[in-house]
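Okay, structure first, notes after.
Here the structure is a predicted model, which is why all the values come from computation and not from measurement.
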Amino acid sequence: MKVFKFGGASVNNVERIQNLAGIVKLFEKEPLVIIISAMGKTTNGLEKVAESFFAGNKEEALRLFDVVKQHHLTISKYLLVTKFNECLAQLTDFFTEVEWLLHDKPVREFDYYYDQVVCIGELLSTCIISHYLNEAGIINEWMDVRDLIRTDNTFRDANIDWTITSERITMLNNHSNIFVTQGFIGCTDDNESTTLGREGSDYTAAVFANILNAESLSIWKDVEGVMNADPKLFPDAQLISELSFTEVIEMAYYGAQVIHPKTIKPLQNKNIPLHVKCFLDPSLPGTVIHKKNSKDLPPIIVIKQNQALLHLNSQDFSFVGEEPMSKLYQLFSKHKVRPNLIQTGAINVQVCLDYRADKIDNLAAEASTLFDVQLEKELNLLTIRHYNVTVFEELTKGKNIVLTQRTKETVQVLYSE
Ligand code: ASP
Ligand code: MG
């Protein structure tokens with residue numbers, strides 16, 4: 001059994017869906033579970049629907065939902081002939097489900113409504129693609145993943161109940177050869193839809209791979225594989241053909257947008273290799289991520305923008321010891337912020353964080369009961385793993401460096417332009 005995952009960019013128009021069919025055709029003799037995201041920017045569109053609805057703007061919510069609807073109808077009209085009516089009936093059921101909800105008044109929390117609306121994106125995309133594959137002779141079974149993935153009711157960030165989910169997914173083993181189902185969504189035991197956090201489809205795919213003891217998971221993307229830097233910022237970024245699970249976790253931690261970080265654990269636990277492949281050219285080798293430690297890695301470069309640096313100074317000139325530090329960490333936990341870098345001195349602590357006005361301003365205000373606080377904004381955090389002097393000098397030349405932190409493997413530089 002192999003598991004494939006196709007993200008939003010790989011299914012965002014008619015040609016891309018036809019291309020997906022071409023890829024699946026290459027593997028159709030083997031048992032396959034295909035996990036698919038919502039098309040293109042559908043999830044963002046549905047987020048706006050949920051927001052308008054919750055703000056009491058029913059007309060606007062319905063209008064925005066209609067845009068999503070028309071987009072999916074147009075794509076199905078282009079793609080389908082014999083299966084069009086069958087697909088339309090199923091799509092209409094999903095549309096109706098959301099429209100009923102949008103006619104109500106919100107009485108529960110926002111995150112609940114968010115999940116009930118946003119989950120439709122994946123249901124629509126998989127419904128169309130499954131019908132299209134069947135019409136193209138790639139016989140497959142569509143599954144509503146909400147019948148398989150059981151979660152708690154932490155809406156927008158639901159946690160999977162592995163026992164129930166395993167029981168259900170294991171039953172798939174002797175069913176069809178090819179399954180098509182949704183990433184990112186699940187269901188509580190009260191039959192309410194949940195989502196697993198933005199970009200969560202990679203994680204769903206890893207959960208399936210783990211439970212089915214898959215021989216591999218392939219994530220199909222619009223890039224050649226995992227690169228050592230963002231090719232949009234560094235045109236001569238190079239492909240890394242092999243990486244260890246640990247290296248990928250490290251890269252994600254420093255902000256590389258490679259794979260959803262939750263994806264790695266379920267694969268690592270069962271030693272299942274993860275292939276990052278290019279959906280534009282399946283013959284390219286891509287990147288394999290597995291247990292083996294990768295040797296001779298090139299410098300891996302990650303830049304995080306919109307960083308803030310909190311300067312915290314002891315109020316009475318005493319050392320910043322364990323007491324104030326433990327209170328500081330309690331504040332991080334309370335405000336749900338994760339520092340990207342911390343440097344401590346005798347009477348001061350510097351903390352680099354992703355800047356989000358709502359969170360960081362509150363955090364800074366509360367920290368001022370413990371320290372004298374200054375907040376510096378509009379900074380960038382450069383991380384280089386496996387650095388060497390040449391790369392370091394090249395990337396920091398002419399920058400106004402605020403802070404540097406270095407270990408044997410990794411150097412981090414906080415700077416303003
Ligand atoms: N459609 C969801 C999102 O855009 C999940 C995913 O693409 O992985 O976040
Ligand atoms: Mg996506």
Point-to-point distance, once rounded to the nearest 0.5 Å, from CG of Asp354 to SG of Cys352: 7.5 Å
Pairwise side-chain contact, Leu123 with Ile120, heavy-atom cut-off 4.5 Å (strictly under): yes
Validation row: Trp142, Cys127 side chains within 4.5 angstrom (heavy atoms): yes
Atom NZ of Lys270: over 12 foreign heavy atoms under 6.0 Å: yes
CG on Leu80 to CG on Leu88, rounded to 0.5 Å: 10.0 Å
Whether Trp220 and Phe6 hold their rings parallel, tilted or perpendicular, with breakpoints at 30° and 60°: parallel
Greater than 12 external heavy atoms within 6.0 Å of Lys41's NZ: no
Over all atoms of both residues, closest heavy-atom pair of Ser37 and Ser201: OG-OG, 3.1 Å
Closest non-hydrogen atom pair, Lys359 against Lys336: NZ-O, 2.9 Å
Those residues that, when tested against Phe54, pass ring pair (Phe, Tyr, Trp, His ring centres under 6.0 Å) (two or more places apart): Phe110
Shortest non-hydrogen contact between Leu379 and Leu309, atoms and distance: CD1-CB, 3.7 Å
Asp152 and Thr154 side chains, donor-acceptor separation under 3.5 Å: yes
Donor on one side chain, acceptor on other, Lys48 and Asn44, under 3.5 Å: no
Pair Arg146-Ser193, side-chain donor/acceptor within less than 3.5 Å: yes
Check: Phe53 ring centroid to Phe65 ring centroid under 6.0 Å: no
Residues Val413, Phe392; criterion side chain to side chain contact (heavy atoms under 4.5 Å, CB included); working and verdict: CA-CA 9 Å; Val413 181; Phe392 178 78; 3.5 Å; yes
Pair Thr410-Arg385, side-chain donor/acceptor within less than 3.5 Å: yes
Any Ile303 side-chain heavy atom under 4.5 Å of Asp230 side chain: no
Test item: Leu312 and Leu370 side chains (from C-beta on) under 4.5 Å apart, heavy atoms: no
Carboxylate-amine/guanidinium proximity below 4.0 Å for Lys83 and Glu135: no
Residue pair Gly286 / Leu239: nearest heavy atoms and the distance that separates them: O-CD2, 4.1 Å
Within 6.0 angstrom of Glu99 CD, more than 12 heavy atoms from elsewhere: yes
Heavy-atom side-chain proximity of Arg156 to Asp115 below 4.5 angstrom: yes
Side-chain donor/acceptor of Glu122 to backbone N/O of Ala38, under 3.5 Å: yes
Check against side chain to side chain contact (heavy atoms under 4.5 Å, CB included), Glu47 and Arg198: CA-CA 11 Å; Glu47 282 184 336; Arg198 287 302 306 263; 3.0 Å; yes
Close side-chain approach of Arg168 and Met143, heavy atoms under 4.5 Å: no
Enclosure of Glu109 CD (heavy-atom neighbours >12, cutoff 6.0 Å): yes
Test log, rule side chain to side chain contact (heavy atoms under 4.5 Å, CB included), inputs Phe371 and His311: CA-CA 9 Å; Phe371 303 93; His311 298 267; over 6 Å; no
Check: His260 and Leu196 side chains under 4.5 Å, non-hydrogen atoms: no
Residue pair Asp202, Lys5: steps toward the salt bridge (Lys or Arg N to Asp or Glu O under 4.0 Å) verdict: CA-CA 7 Å; Asp202 290 354; Lys5 182 260 172 175; 2.8 Å; yes
Within 6.0 Å of CD in Glu322, more than 12 heavy atoms from elsewhere: no
Short side-chain donor-acceptor distance under 3.5 Å, Asn306 and Glu378: no
Tyr78 OH: over 12 foreign heavy atoms closer than 6.0 Å: no
Heavy-atom neighbours of Glu215 CD exceed 12 at 6.0 Å: yes
Distance-only side-chain donor-acceptor flag, Ser130 / Asn140, under 3.5 Å: yes
Distance-minimising heavy-atom pair for Ala209 and Leu267: CB-CD2, 3.9 Å
Side-chain touch Val258/Leu243, heavy atoms, less than 4.5 angstrom: no
Which atom of Gln182 lies closest to which atom of Ile35, heavy atoms considered: C-CG2, 3.9 Å
Spatial distance of atom OG1 (Thr369) from atom CG (Leu331) [nearest 0.5 Å]: 6.5 Å
